Amino acid sequence: MRTQIGIVGAGPAGLLLSHLLALRGIESVVVELRSRAYCEARQRAGVVEDDSVRLLRAAGLAGRLDREGLEHGGIYLQFAGERHHIDFRDLTGGRTVTVYAQTEIVKDLIAQRIAAGAALYFEVTDTEVDRLESDQPVLRYTDADGTRREVVCDAIAGCDGFHGICRPAIPAGLTTVRERDYPYAWLGILADVPPSTDELIYSHHRDGFALHSMRGPALSRLYLQVDTDEAVENWPDDRIWVELQHRFELPGSGWELKQGPVLDKGITPMRSFVSAPMRYGRLFLAGDAAHIVPPTGAKGLNLAMADVAVLAPALDRLLHGDEGPAAAYSATCLERVWRSTHFSWWMTTMLHRTPGADEMATELQLAQLRYVVSSRAAATSLAENYTGYPRLAAGL
Ligand code: RFL
Ligand code: PHB
């Protein structure tokens, strides 16, 4: 087989790249390890920056997002028994984020790609990328029927997430990895109950962080900081709700956390990871394949979309013999990646309880939180990062 761009992974990065390339008249083959049903059910991110929304709209992909997404003009920061509102619209001159689940974006993208007749293959195994230094790199995989396939490409996009095969295909010694593991994890639940809040609540509590998010008018998404070695089996629903009630409680305010049946439960480790450069020969990495941020800043999905917004035009130019934008791809993306890596680290360390932290560290955290909610300059910094910085170029 022959195609222009081979894409490994049908997450948000791979699917959106395939669509952005198609808009430019460029053909691609997308191969995905998991089934379509699995990709469409995996619970992940929920917050989409305004420029990511604009990108999806410009690409003709925002029909359902515009109908069902919840536009949020701020967040709440809770600590020391108080809840404070950070007003993004006021602080940033009208910018917002939209709460629309990554699973819904993935469903929309898969439906669009299939309707367009794209080559999108699920349940492939033994994916390999080869001859990456040549201008005809090769993608090999075994399809769902067990047939071994080989696709000759002009370039390959590694959009296969953190555990994929593309990043390890770059020879050892040619990449620099920077990483940090955090001494806590998130236990996330999806609950069949209307959200108890109009906007997300990030709660710093002496017993650990908690986050109240949502998936629509009737579905809540909630997270609890837990130890890194926690097992989901140790957290029956009752225990989760007791802990959530405790970490969100606001005595005397009349506010209540509504409870409902738990539909999904999972534990997520917290990690910062950046592998540079994001290119080797004709292999270009995008999204979680190249970088991971802890979820506290709501950046991972947005970084994946920002990478492919840069990659699609760069590949277009490369196919026309212009190496310039492809040569600049990694450095261009890494600037945003490092900004988001810093912001996510900052939000994470400000809001979580660090096991073993002394009173000094705890007071420093509280001093930082008080500063963010009392200083317009500090709140503006949070708001401009949360809504997306630097701004993504408008258009495609
Ligand atoms: P994905 O989504 O991991 O997709 C990679 C795809 O590649 C497939 N794959 C392979 N396919 C073929 N051959 C192989 N050998 C393969 N190996 C792997 C995988 O099956 C998969 O389908 O990466 P992508 O596209 O880069 O997208 C990144 C985002 O998924 C991720 O950054 C976000 O979900 C992170 N994240 C959040 N990001 C936000 O912007 N806002 C949020 O609010 C937010 N919340 C979160 C999050 C991630 C979380 N978890 C579970 C990690 C909350 C959580 C709990
Ligand atoms: C989510 O809704 O899943 C979510 C929202 C905000 C975050 C992380 C996750 O910071």
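Each ligand, and each atom within it, is numbered from 1 in the order the structure gives. These numbers were taken from a predicted model, which means no experiment stands behind them.
The aromatic ring centroids of W186 and F209 lie less than 6.0 Å from each other. F79 and H84 have their aromatic ring centers within a separation under 6.0 angstrom.
Closest protein heavy atom to atom 50 (N) of ligand 1: T268 CG2, 3.7 Å. Nearest protein neighbour of atom 3 (O) of ligand 1, counting heavy atoms only, is R44 NH1, 3.0 Å. Regarding atom 26 (O) of ligand 1, its nearest protein heavy-atom neighbour is D288 N, 2.9 Å. For atom 37 (C) of ligand 1, the nearest non-hydrogen atom of the protein is A45 CB, 3.0 Å. Of all protein heavy atoms, the one lying nearest to atom 13 (N) of ligand 1 is T127 OG1, 2.9 Å.
Residue contacts with ligand 1 for C159 involve N, CA, C or O but no side-chain atom from C-beta outward (heavy atoms, distance under 4.0 Å). At a 4.0 Å heavy-atom cut-off, ligand 2 touches L211 through the side chain alone. At a 4.0 Å heavy-atom cut-off, ligand 1 does not touch H163 at all. Within the 4.0 Å heavy-atom criterion, both parts of L301, backbone and side chain, lie near ligand 1. Contact annotation for V8 and ligand 1: only side-chain heavy atoms (C-beta onward) come within less than 4.0 Å of the ligand.
For the pair P12 and ligand 1, a heavy-atom separation below 4.0 Å is found. Residue contacts with ligand 2: R215 is included, with a non-hydrogen atom under 4.0 Å away. Distances shorter than 4.0 angstrom occur between a heavy atom of R44 and an atom of ligand 2.
At under 3.5 Å, not a single nitrogen or oxygen of W186, backbone or side chain, sits near a nitrogen or oxygen of ligand 2. Taking only nitrogen or oxygen atoms, main chain and side chain alike, V124 does not reach within less than 3.5 Å of ligand 1.
Just one residue in the list L200, T197, V373 forms a side chain to side chain contact (heavy atoms under 4.5 Å, CB included) with Y76, and that residue is T197.
Numbered from 1 in the order shown, with element, the atoms of ligand 2 that lie under 4.0 Å from a heavy atom of V47 read 5 (C), 6 (C). Those atoms of ligand 1 that come under 4.0 Å of a heavy atom in Y223, given as number and element, are 53 (C), 55 (C). The ligand atoms of ligand 1 that sit less than 4.0 angstrom from a heavy atom of V31 are 11 (N), 12 (C). Against a heavy-atom cut-off of under 4.0 Å, G46 is close to the following atoms of ligand 1: 42 (C), 43 (O).
For atom 9 (C) of ligand 2, the nearest non-hydrogen atom from the set Y223, Y100, Y202 belongs to Y223.
Residues Q365 and H352 have side chains that never bring a donor and an acceptor to within less than 3.5 angstrom of each other. In this model, no donor atom of one side chain and acceptor atom of the other lie less than 3.5 Å apart for D50 and T387.
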